[in-house]
A.B. asks: 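Take a look at this one; I'll ask things after.
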Amino acid sequence: MPTEVLDIHDLTEDPQNARIHPESNRSAIRASLGRFGPARSIVLDADNVVRAGNGTIEAARLEGFREVLVVDPEPGQLVAVRRSDWSDSQASAYALADNRTAESAQWNDQRVAETLAAISDTDERRATGFSDADVAALLESLAQSAAGPLGSDTSDSSGLPANTGNAAEPAPSLGSIPEPAAPDRHAELVAKWRTESGQVWLILSPKKPDAPHRLVIGDCSDPSVVRLACPDRVQGIVTSPPYAEQRKGQYRGVPADDYVDWWRDIQANMRSVLRPDGSLFVNIKPHCEGGQRHLYCDDLKAAMVRQWDWAYVDEFVWIRTGPPGSWPNRLKNGFEPIHHFSINNQIKFNPLNVATIGEGSLIGVSGDRDYRATGSGFACKPESAKQLGPVLPSNVIYVNVGEHVKGHSATFPVGLPEFFVKAFSDPGDTWLDPFVGSGTTILACERNDRIGVGIEELPTHAAVILQRLEDSGLTPVLA
Ligand SMILES: C[S@@+](CC[C@H](N)C(=O)[O-])C[C@H]1O[C@@H](n2cnc3c(N)ncnc32)[C@H](O)[C@@H]1O
């Protein structure tokens with residue numbers, strides 16, 4: 001069997017690798033390599049592109065490995081790595097470590113779909129381990145994420161559905177892969193708007209030309225960027241930051257294990273511009289890793305209160321049905337949490353702005369208060385819920401799925417920021433979204449006579465925002 005020794009840098013990592021190696025997985029591979037040395041072989045194609053073992057190669061480079069023994073077996077010949085230097089207990093420990101490291105890798109759904117679509121031989125496609133039903137569910141999920149808000153940010157990183165339960169549904173054609181983040185559109189829009197980092201845009205509203213909205217292109221963890229965006233304090237902040245590394249191919253991702261540290265400066269910047277009676281709403285949902293929901297968002301909430309002295313007012317649930325599929329130990333996602341923080345408990349609160357008229361009014365029925373339920377508020381006796389009047393919503397929010405903004409993959413519906421803008425401020429007040437994405441919060445402010453301020457790091461996304469706002473009848477002007 002011919003062999004040769006190559007420099008490790010002569011191997012190319014697969015640019016289309018559909019496997020994501022989050023920080024926890026990378027460190028597990030490095031730890032295993034450091035402790036046991038190399039064992040499992042990687043697989044190269046004829047051009048020395050790594051087709052299996054990209055995580056191992058990356059870790060081996062970082063661990064200082066220099067050379068790779070490459071074998072060219074005959075078709076049908078198995079290749080085994082014999083580690084005669086191991087003791088029994090080392091061999092047993094390695095056997096566990098080897099299986100364990102595989103568990104924490106994740107899938108890049110878009111790449112999986114593209115790769116499957118490019119495999120025209122049906123038998124070969126089935127040999128990947130993705131059944132026709134898996135493929136159908138994956139494409140359905142991608143189509144939904146391209147059309148709906150926030151896409152697959154909350155997908156289970158433990159992988160694609162093992163069996164979908166939707167097998168009776170017709171499988172979408174493998175050719176119908178949804179468009180990715182519209183790079184052509186980005187190029188066209190950046191050429192039109194000439195967006196660059198550091199720019200401040202004023203967005204003139206025909207309703208109030210003297211009170212423009214604002215967009216700053218920059219990093220909201222930088223205090224000078226936030227000051228530039230908000231020379232005056234804002235009444236509210238509503239935002240959806242990156243969900244750890246769930247979309248790191250499209251914009252900056254933050255490893256879940258580093259998230260709280262990363263958030264330290266961001267919360268400090270937000271706090272420095274929020275009015276004392278203001279509110280902060282953060283939409284974030286953790287993904288699943290290795291069959292468990294990650295806890296970094298719980299760490300974040302705890303740090304907000306215990307380290308940085310925010311009040312945790314409440315948790316809202318936004319009903320947002322996830323893509324179909326099935327997972328070995330849980331059901332599909334059906335909601336996203338939104339965490340409400342404030343600087344103190346004296347916040348501006350206009351709940352009647354989001355009330356509807358109907359039966360079940362709890363307003364003006366103080367005689368029927370049920371004091372057993374008192375805390376800072378009160379609940380009513382059920383019989384008092386009969387009268388007609390304004391009915392306040394609960395903390396479960398139902399809003400329509402958002403419009404699909406071409407060029408941004410994680411847009412939330414305008415109705416979502418709108419709900420908070422209406423319930424927690426007055427007309428004329430200013431709201432900030434430090435991760436404004438496609439500009440949804442600015443639009444919600446325009447529609448509700450508030451002033452919207454957005455910060456977006458990527459000039460490509462900023463161009464998408466400017467176009468979206470212009471299409472909505474606003475006039476962006478470079479300040
Ligand atoms: C989840 S998306 C927000 C989507 C937004 N809610 C909407 O409806 O369009 C997060 C956005 O934050 C941007 N971003 C990521 N890191 C940032 C940072 N440090 N400063 C400012 N923007 C950032 C990303 O480019 C992305 O557009």
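Counting starts at 1 for both ligands and their atoms, in listed order.
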A.B. asks: Contact between Gly218 and ligand 1, counting heavy atoms under 4.0 Å?
C.D. replies: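 Yes.
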
A.B. asks: His461 vs His186 aromatic rings, parallel, tilted or perpendicular, using cut-offs 30° and 60°?
C.D. replies: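 Perpendicular, since the angle between the ring planes exceeds 60°.
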
A.B. asks: Under 4.0 Å between a Lys/Arg side-chain N and an Asp/Glu carboxylate O for Glu336 and Lys285?
C.D. replies: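 No.
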
A.B. asks: Donor-acceptor pairs are to be reported for all side-chain atoms of residues 345-352 against protein atoms at under 3.5 Å, with residues two or more places apart or in another chain.
C.D. replies:
{"residue": "Lys348", "atom": "NZ", "partner": "Asp426", "partner atom": "OD2", "Å": "2.9"}
{"residue": "Lys348", "atom": "NZ", "partner": "Asp429", "partner atom": "OD2", "Å": "2.9"}
{"residue": "Asn350", "atom": "ND2", "partner": "Ser425", "partner atom": "O", "Å": "2.9"}
{"residue": "Asn350", "atom": "ND2", "partner": "Asp426", "partner atom": "OD1", "Å": "2.8"}

A.B. asks: Please output the side-chain donor-acceptor pairs of residues 203-218 that fall under 3.5 Å, not counting sequence neighbours, one pair per line with the distance.
C.D. replies:
{"residue": "Ser205", "atom": "OG", "partner": "Lys207", "partner atom": "N", "Å": "3.1"}
{"residue": "Ser205", "atom": "OG", "partner": "Glu446", "partner atom": "OE1", "Å": "3.0"}
{"residue": "Ser205", "atom": "OG", "partner": "Glu446", "partner atom": "OE2", "Å": "3.0"}
{"residue": "Lys207", "atom": "NZ", "partner": "Glu446", "partner atom": "O", "Å": "2.6"}
{"residue": "Lys207", "atom": "NZ", "partner": "Asp449", "partner atom": "OD1", "Å": "3.1"}
{"residue": "His213", "atom": "ND1", "partner": "Gly452", "partner atom": "N", "Å": "2.9"}
{"residue": "His213", "atom": "NE2", "partner": "Glu446", "partner atom": "OE1", "Å": "2.8"}
{"residue": "Arg214", "atom": "NE", "partner": "Ala229", "partner atom": "O", "Å": "2.9"}
{"residue": "Arg214", "atom": "NH2", "partner": "Ala229", "partner atom": "O", "Å": "2.7"}

A.B. asks: Can you tell me which portion of Val436 lies within the under-4.0 Å heavy-atom range of ligand 1? Options are side chain, backbone, both, or neither.
C.D. replies: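 Just the backbone.
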
A.B. asks: Going by the closest heavy atom to atom 17 (C) of ligand 1, which one wins out of Glu457, Arg468, His461?
C.D. replies: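 Comparing heavy atoms across Glu457, Arg468, His461, the nearest one to atom 17 (C) of ligand 1 lies in Glu457.
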
A.B. asks: Within the structure, does Trp262 bring an N/O atom to less than 3.5 angstrom of an N/O atom in ligand 1?
C.D. replies: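 Min N/O separation from ligand 1 is not below 3.5 Å for Trp262.
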
A.B. asks: Kindly compute the distance separating OH (Tyr398) from CH2 (Trp318), expressed to the nearest 0.5 Å.
C.D. replies: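 It is 14.0 Å, given to the nearest 0.5 Å.
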
A.B. asks: Give the ring-plane orientation class for Phe316 versus His340, where under 30° counts as parallel, over 60° as perpendicular and anything between as tilted.
C.D. replies: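 Correct class here is tilted.
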
A.B. asks: Of the listed options (Thr441, Leu443, Ile455, Thr440), which comes nearest to atom 7 (C) of ligand 1 when hydrogens are ignored and any heavy atom counts?
C.D. replies: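 The nearest heavy atom belongs to Thr440.
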
A.B. asks: Need the ligand 1 atom indices (1-based, order shown) with element for anything under 4.0 Å from a heavy-atom of Pro434.
C.D. replies: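 Atoms satisfying the 4.0 Å criterion: 21 (C), 22 (N).
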
A.B. asks: Check the pair Thr430 / Arg233 against side chain to side chain donor-acceptor pair (under 3.5 Å), numbers first and verdict last.
C.D. replies: CA-CA 8 Å; Thr430 301; Arg233 286 181 182 253; over 6 Å; no

A.B. asks: Please confirm whether Cys220 comes within less than 3.5 Å of ligand 1 when only nitrogen or oxygen atoms on both sides are compared.
C.D. replies: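 Cys220 vs ligand 1: N/O contact under 3.5 Å present.
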
A.B. asks: Taking only heavy atoms of Ser438 into account, list the atoms of ligand 1 that are under 4.0 Å away from them.
C.D. replies: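 Atoms satisfying the 4.0 Å criterion: 7 (C), 8 (O), 9 (O).
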
A.B. asks: Could you list which atoms of ligand 1 come closer than 4.0 Å to a heavy atom of Thr411?
C.D. replies: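 Close to Thr411: 7 (C), 8 (O), 9 (O).
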
